[in-house]
A.B. asks: 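Got a structure for you, written out below as structure tokens; questions coming shortly.
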2 protein chains.
Amino acid sequence: MRTHELVLHQVEADLAAGKLRLGDRLPGERALAGQLGVSRPSVREAIRVLEAMGVVRTSVGSGPDAGAVIVADPGSPLTAALRLHLATSHLPMGDIVQTRVLLESWAVREASGRATPSQVAAAQQLLDAMDEPDLPRERFHLLDAEFHVALATLAGNVLVSTIMASLREAIHGYVIAAAPHVPDWTPVAALLRAQHRAVLAAIADGDGDSAAKLVAEHIEGFYKASRLG
Amino acid sequence: MRTHELVLHQVEADLAAGKLRLGDRLPGERALAGQLGVSRPSVREAIRVLEAMGVVRTSVGSGPDAGAVIVADPGSPLTAALRLHLATSHLPMGDIVQTRVLLESWAVREASGRATPSQVAAAQQLLDAMDEPDLPRERFHLLDAEFHVALATLAGNVLVSTIMASLREAIHGYVIAAAPHVPDWTPVAALLRAQHRAVLAAIADGDGDSAAKLVAEHIEGFYKASRLG
DNA sequence: GATACCTTGTGGTCTGACCACATGGCTGAC
DNA sequence: GTCAGCCATGTGGTCAGACCACAAGGTATC
């Protein structure tokens with residue numbers, strides 16, 4: 001076993017045993033190295049991995065917030081991993097689109113009937129913001145992503161909404177890059193806006209089947225238009 | 001930007017540009033450090049992150065296989081991240097079960113009608129192996145996991161089957177730990193075996209709806225019996 | 001020609017040092 | 001007594017240099 005893996009296992013064991021909890025600070029790099037009988041570079045490599053996994057956040061300086069703090073951010077590692085594997089071209093974009101359809105259809109179906117009026121209103125505000133004329137296209141896509149993640153969150157499943165958010169973020173760059181393939185943007189944007197409102201209305205009405213159908217058409221249509229799917 | 005992140009971005013850019021392809025080797029740690037004007041520990045930290053993300057595999061020694069080789073393994077990082085976040089107790093087991101039901105229902109529905117006889121036969125062999133009397137319980141669960149992943153693979157979506165595999169692996173330890181909660185194991189195992197065969201039969205018959213329903217009941221029933229869900 | 005050895009290049013690890021940064025207490029002025 | 005400014009302290013960030021273990025492939029020996 002490599003030295004930094006020893007450190008990783010130790011930290012994971014402490015997490016599982018409850019010795020390390022959310023918000024706690026890891027011992028300093030020098031102290032941890034001393035405790036485990038390894039060198040500081042090995043501890044640092046382990047902390048880099050934990051950081052990449054979204055388990056700790058490090059910051060320099062002094063005070064209560066300094067050092068390596070335990071956080072719970074399952075999203076960022078997933079996003080980063082998806083981005084990297086998309087870059088290697090060994091993760092077909094079509095599979096990602098299909099997965100989005102699958103997850104979002106389920107999420108809006110689940111959200112129908114359990115979404116509170118205030119949650120629906122919050123999503124509505126995002127749609128209103130997207131109605132603004134002369135909205136830059138990148139801003140449009142960011143709001144769009146936020147809306148879809150908000151829908152996924154309504155289903156109340158942390159894992160599903162996390163996966164959704166990561167999928168959106170990982171492909172955001174590709175969506176922007178594909179912009180030239182949709183020269184006539186204005187009518188497309190109008191269609192997307194209308195579809196969003198239809199989906200949200202179906203959720204508010206508690207009509208899960210319609211919501212699922214509408215969101216699937218919405219996603220598939222967009223990727224087809226963007227030549228991404 | 002921290003130094004090791006600079007290295008990461010450089011590698012990601014090379015991947016996206018096609019300068020680095022699957023199977024290629026990264027320059028040696030010393031060479032890479034020299035090229036980018038950073039120190040070797042910084043390069044090493046970056047490589048640790050890439051390794052954690054399943055983008056490279058490192059090995060010592062000499063020859064064509066030595067060093068850091070580009071691989072495509074989106075599964076292991078996902079597994080590790082899920083394990084760690086389960087350890088922090090900020091990822092409810094119920095959400096994982098729900099996600100499994102969602103993904104597997106879709107997968108078996110998709111697999112119905114597109115699975116070839118040879119694929120079904122391969123899955124059947126796993127079930128036959130699970131029929132062996134006096135099979136150790138851990139071995140049973142491993143074969144069970146393999147069977148479920150095989151089903152997910154039949155749907156032909158890399159992302160979905162990868163997520164599925166990671167979910168299974170991440171919770172494997174918890175399943176084993178929950179074994180004492182199912183004292184009367186023999187009839188439970190018999191039920192699981194029967195359910196497996198029913199699911200596979202439905203897939204072979206092309207009856208997607210039945211397959212989806214059966215697999216959902218199978219998964220939910222198991223977690224309920226194990227007091228995990 | 002086959003075998004044992006050794007050269008070479010790889011990652012793995014450690015030591016020790018210095019830097020940048022943020023805090024928090026200390027010191028001095030008022 | 002109060003407050004502003006300063007500096008000691010502890011943190012991660014980075015570096016240089018060294019040595020080890022390992023595996024391949026060439027080389028010398030028998």
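Numbered from 1 within each chain, the chains take letters A, B, ... in sequence-line order.
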A.B. asks: What residue pairs, at least two apart or across chains, pass salt bridge (charged side-chain N to carboxylate O under 4.0 Å, His left out) with a residue in residues 67-92 of chain A?
C.D. replies: A/R83-B/E12
A.B. asks: Ignoring hydrogens and angles, tell me if any N or O in the side chain of A/S105 forms a donor-acceptor pair with the backbone of A/L102 under 3.5 Å.
C.D. replies: no
A.B. asks: Within the 4.0 Å heavy-atom criterion, would you say A/R57 contacts the bases, only the backbone, or no part of the nucleic acid?
C.D. replies: nothing
A.B. asks: May I ask you to list the residues of residues 2-11 of chain A, by number, that have any heavy atom positioned under 4.0 Å from an atom of DNA chain C?
C.D. replies: A/R2, A/T3
A.B. asks: Going by side-chain contact (heavy atoms from CB on, under 4.5 Å), name the residues that satisfy it together with B/P77, two or more places apart in sequence or in a different chain.
C.D. replies: none
A.B. asks: Which ring pair (Phe, Tyr, Trp, His ring centres under 6.0 Å) pairs, counting each pair once, include a residue from residues 140-161 of chain A, with sequence neighbours left out?
C.D. replies: A/F140-A/W185, A/H141-A/W185, A/H141-A/F222, A/F147-A/H196, A/H148-A/H196, A/H148-A/H218
A.B. asks: Reading DNA chain D from 5' onward, which residue's closest nucleotide shows up sooner: B/G61 or B/M1?
C.D. replies: B/M1
A.B. asks: Are there more than 12 heavy atoms of other residues, nucleotides or ligands under 6.0 Å from atom CZ of A/R137?
C.D. replies: yes
A.B. asks: By nearest atom, which of the nucleotides D/dG25, D/dG13, D/dA18 is closest to the B/R40 side chain?
C.D. replies: D/dA18
A.B. asks: Report the distance from atom CZ of A/R44 to atom P of D/dT14, rounded to the nearest whole Å.
C.D. replies: 6 Å
A.B. asks: So if I take residues 20-39 of chain A and measure heavy-atom distances to DNA chain C, which residues fall below 4.0 Å?
C.D. replies: A/R30, A/V38, A/S39
A.B. asks: Angle between the two end axes of the helix from C/dG1-D/dC30 to C/dC30-D/dG1, five base pairs per end, rounded to 10 degrees?
C.D. replies: 30°
A.B. asks: For A/S59 and D/dT11, is the shortest distance between a side-chain N/O and OP1 or OP2 below 4.0 Å?
C.D. replies: no
A.B. asks: Could you tell me whether a side-chain N or O of B/R193 sits under 3.5 Å from a main-chain N or O of B/M130, the two making a donor and an acceptor?
C.D. replies: yes
A.B. asks: For the side chain to side chain contact (heavy atoms under 4.5 Å, CB included) test, which of B/L82, B/L78, B/I163 pairs with A/L78?
C.D. replies: B/L78
A.B. asks: Return the set of residues passing side chain to side chain donor-acceptor pair (under 3.5 Å) with B/S166 (not counting sequence neighbours), or none when no residue passes.
C.D. replies: B/T79
A.B. asks: List the residues meeting side chain to side chain donor-acceptor pair (under 3.5 Å) with B/R57, not counting sequence neighbours, and say none if there are none.
C.D. replies: B/S59
A.B. asks: Keeping to residues at least two apart or across chains, list the salt bridge (charged side-chain N to carboxylate O under 4.0 Å, His left out) pairs with something in residues 92-101 of chain A.
C.D. replies: A/R100-A/E104
A.B. asks: Can you measure from CZ (B/R114) to CZ (B/R109) and round to the nearest 0.5 angstrom?
C.D. replies: 15.0 Å
A.B. asks: Using a 3.5 Å cut-off and no angle test, enumerate the donor-acceptor pairs between side-chain atoms of residues 117-129 of chain A and protein atoms at least two apart in sequence or in another chain.
C.D. replies:
| from | atom 1 | to | atom 2 | distance (Å) |
| --- | --- | --- | --- | --- |
| A/S118 | OG | A/T116 | OG1 | 3.2 |
| A/Q119 | OE1 | A/T116 | N | 3.0 |
| A/Q119 | OE1 | A/T116 | OG1 | 3.4 |
| A/D128 | OD1 | A/R197 | NH2 | 3.1 |

A.B. asks: Does B/D14 have any side-chain contact (heavy atoms from CB on, under 4.5 Å) partners at least two apart in sequence or in another chain, and if so, which?
C.D. replies: B/Q10, B/K19, B/L20
A.B. asks: Taking any atom under 4.0 angstrom from a heavy atom of chain A, which nucleotides of DNA chain C are the first and last to qualify, 5' to 3'?
C.D. replies: C/dG12 to C/dG24
